[in-house]
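In the text below, chain A, chain B and the rest are named by the order of the sequence lines, each starting its count at 1. Quick note: numbers below take in every heavy atom, side chains included, and nothing from hydrogens, waters or symmetry partners.
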2 protein chains.
Amino acid sequence: MPSVSPYSSAKKRARIVETAERLVHERGFGATTLADIAHASGVPLGNLYYYFKTKDAIGDALVDRLGARHEEIRRAWDESLPPVGRVLAFIEASLETRESLARSGCAIGGLCSELHKEPGPLAARAATLFEAFLGWLTTQFKQMGKGAESRELAFHLVSSLQGAALLANTFHDTKQLARECKRLMAWTYSLAAED
Amino acid sequence: MPSVSPYSSAKKRARIVETAERLVHERGFGATTLADIAHASGVPLGNLYYYFKTKDAIGDALVDRLGARHEEIRRAWDESLPPVGRVLAFIEASLETRESLARSGCAIGGLCSELHKEPGPLAARAATLFEAFLGWLTTQFKQMGKGAESRELAFHLVSSLQGAALLANTFHDTKQLARECKRLMAWTYSLAAED
DNA sequence: GTCTATAGGCAGATAGAC
DNA sequence: GTCTATCTGCCTATAGAC
């Protein structure tokens, strides 16, 4: 049973996942070793196996954490903004994190690109992160009165940002990414004005 | 000195690179082992080192091959089509290879996504593959009379196709990719009609 | 629960016979 | 030039002391 101190099992487990998420974002899943994660989170290598049976289990936990954080962000937007504002906030998030995107690419896009080379359980879980955003965006477009084409609009938006993030990372440049974000924001405004 | 038989050094070397290119596209660079390449190209493992000093040298050769093939395709388009037709042919190439894109993603995009996690000489070489397409597309847009914005138009096009390819691979689905290709073809036509 | 030590396996790379 | 055998090192995972 975990203790209740600030350095309890749960906290240590969370720190491991947090570190793993950062390293995997920066280096990729395959290129991140358990020794890297152990060292960066201040835990002895062997001890990782008390918290996670396998490396893939760390991958699962990392995807869960990523999904939960993004879900929380979407809920905050749901509670404070109208549908158009939510879509704009989604685009603006890429604009605001453009330095990180240029340095290490998109965390979700990178995972899907790497893991979907050949299918596996972890790859399928990574895809659900995209699916969550696509579903949420589809809902926003529907609430903007876009009806059946809402899913395609959502796809266009996610797809555009992913491509821009990939090129930003490739050329370590934020300018074209920023331009694409602004184009997509104008596109969102024009969709809203159609009604 | 290489022999001149159909199974000469040069041919064997070419077969190794060809095989490596396919496997790396399907599995990624890090996940492809020299043993995989040796086995799939019918060459004993140790013999790879007669043709290539290191794994990275195979990566270099693979990027060269990819770049040379694409350059040839662009030259063929240059010789047979007007600027608008070249841009349309570029988009149509993604449409035609959509099954492969859904199965393994874009070969160039996958390489850049994987290798640019942290910079290295091979990553820089992979980026030149994108740069070649961006430069060529910029020329086409300029010839279409687009002037200074040509570079941004080229970026938008490559970026859009990369995003669509990533999602096609993630969901193993070609429909939204096809839709995005058609949208980009219509976009190209509308650019051409602006003059 | 925590940590050290190490097993077991596979990767890239090399040596050297033919 | 070609191939077999093998070295070395790192990575995941485990055993077992404390």
Side-chain angles (χ1 to χ4, degrees), chain A residues 1-21 23-24 26-63 111 114-115 117-118 120-123, chain B residues 1-21 23-24 26-63 111 114-115 117-118 120-123:
Chain A
M1 196 199 224
S3 94
V4 289
S5 88
Y7 301 109
S8 68
S9 277
K11 293 239 176 195
K12 195 177 267 188
R13 190 191 149 98
R15 198 171 68 233
I16 291 168
V17 178
E18 183 187 336
T19 304
E21 190 190 314
L23 291 179
V24 167
E26 289 170 2
R27 314 178 186 184
F29 185 75
T32 302
T33 69
L34 294 176
D36 291 337
I37 297 169
H39 180 75
S41 53
V43 168
L45 175 58
N47 202 1
L48 284 186
Y49 289 92
Y50 174 74
Y51 299 96
F52 302 96
K53 262 207 239 297
T54 65
K55 186 183 181 184
D56 270 20
I58 297 184
D60 281 341
L62 167 173
V63 168
L111 268 180
E114 178 181 356
L115 300 175
K117 286 291 173 180
E118 295 196 36
L122 189 50
Chain B
M1 195 197 219
S3 95
V4 290
S5 88
Y7 302 109
S8 68
S9 278
K11 295 240 175 193
K12 195 178 270 189
R13 190 191 149 96
R15 197 171 69 235
I16 291 168
V17 178
E18 184 188 337
T19 304
E21 191 190 315
L23 291 179
V24 168
E26 289 169 3
R27 312 177 186 184
F29 185 73
T32 301
T33 69
L34 294 177
D36 291 337
I37 296 170
H39 181 76
S41 53
V43 167
L45 174 58
N47 202 0
L48 283 186
Y49 288 91
Y50 173 73
Y51 298 97
F52 302 97
K53 262 206 238 301
T54 64
K55 187 184 182 186
D56 271 20
I58 296 184
D60 281 342
L62 167 173
V63 169
L111 268 180
E114 177 181 357
L115 300 176
K117 285 291 171 182
E118 296 197 37
L122 190 49

In whole Å, what is the span from the CG atom of A/Asn47 to the C1' atom of D/dT14? 13 Å
Selection from C/dA11, D/dA13, C/dA13 that lies nearest to any side-chain heavy atom of B/Tyr49: C/dA13
Counting distance only, does the side-chain N/O of A/Arg27 pair as donor-acceptor with the main-chain N or O of A/Thr32 below 3.5 Å? no
So, is B/Lys12 close to the D/dC3 phosphate, meaning a side-chain N or O under 4.0 Å from OP1 or OP2? yes
Quick one: does any side-chain atom of A/Asp36 pair with a main-chain N or O of A/Thr33 as donor and acceptor, under 3.5 Å? yes
With the side chain defined as heavy atoms from C-beta on, B/Pro44 is closest, among C/dG12, D/dT4, D/dA13, to D/dT4
Is A/Tyr50 close enough to C/dT2 that one of its side-chain N or O atoms is under 4.0 Å from OP1 or OP2 there? no
Could you please name the option among D/dC11, D/dA13, C/dG12 that lies closest to any side-chain atom of A/Thr54? D/dA13
Just to be sure I understand the rule, does B/Phe52 reach a base, reach only the sugar-phosphate, or reach nothing, if contact means heavy atoms closer than 4.0 Å? nothing
Taking all heavy atoms of A/Gly30 and all of A/Glu114, pick out the closest pair and write down the distance. N-OE2, 2.7 Å
Can you check the B/Leu45 CG to D/dT6 C1' distance for me, whole Å? 11 Å
Does B/Tyr51 have a side-chain nitrogen or oxygen under 4.0 Å from the phosphate oxygens OP1 or OP2 of D/dT2? yes
How many whole angstroms separate atom CZ of A/Arg27 from atom P of D/dC11? 10 Å
C/dT2, OP1 or OP2 - any side-chain N/O from A/Ser9 closer than 4.0 Å? yes
At under 4.0 Å between heavy atoms, what does A/Leu48 touch on the DNA or RNA strands: base, sugar-phosphate, or nothing? nothing
Which atom of B/Tyr51 lies closest to which atom of B/Arg13, heavy atoms considered: O-NH1, 3.1 Å
A/Lys55 side-chain N/O to A/Phe29 backbone N/O, donor-acceptor pair under 3.5 Å: yes
What is the distance from CG of B/Asp36 to C1' of C/dC10, rounded to the nearest Å? 11 Å
Given atom CG of B/Leu34 and atom P of D/dT4, what is their separation to the nearest angstrom? 16 Å
For B/Lys55 and D/dT8, give me the distance from atom NZ to atom P, rounded to whole Å. 22 Å
Expressed as a whole number of angstroms, how long is the span from A/Arg13:CZ to C/dT2:C1'? 17 Å
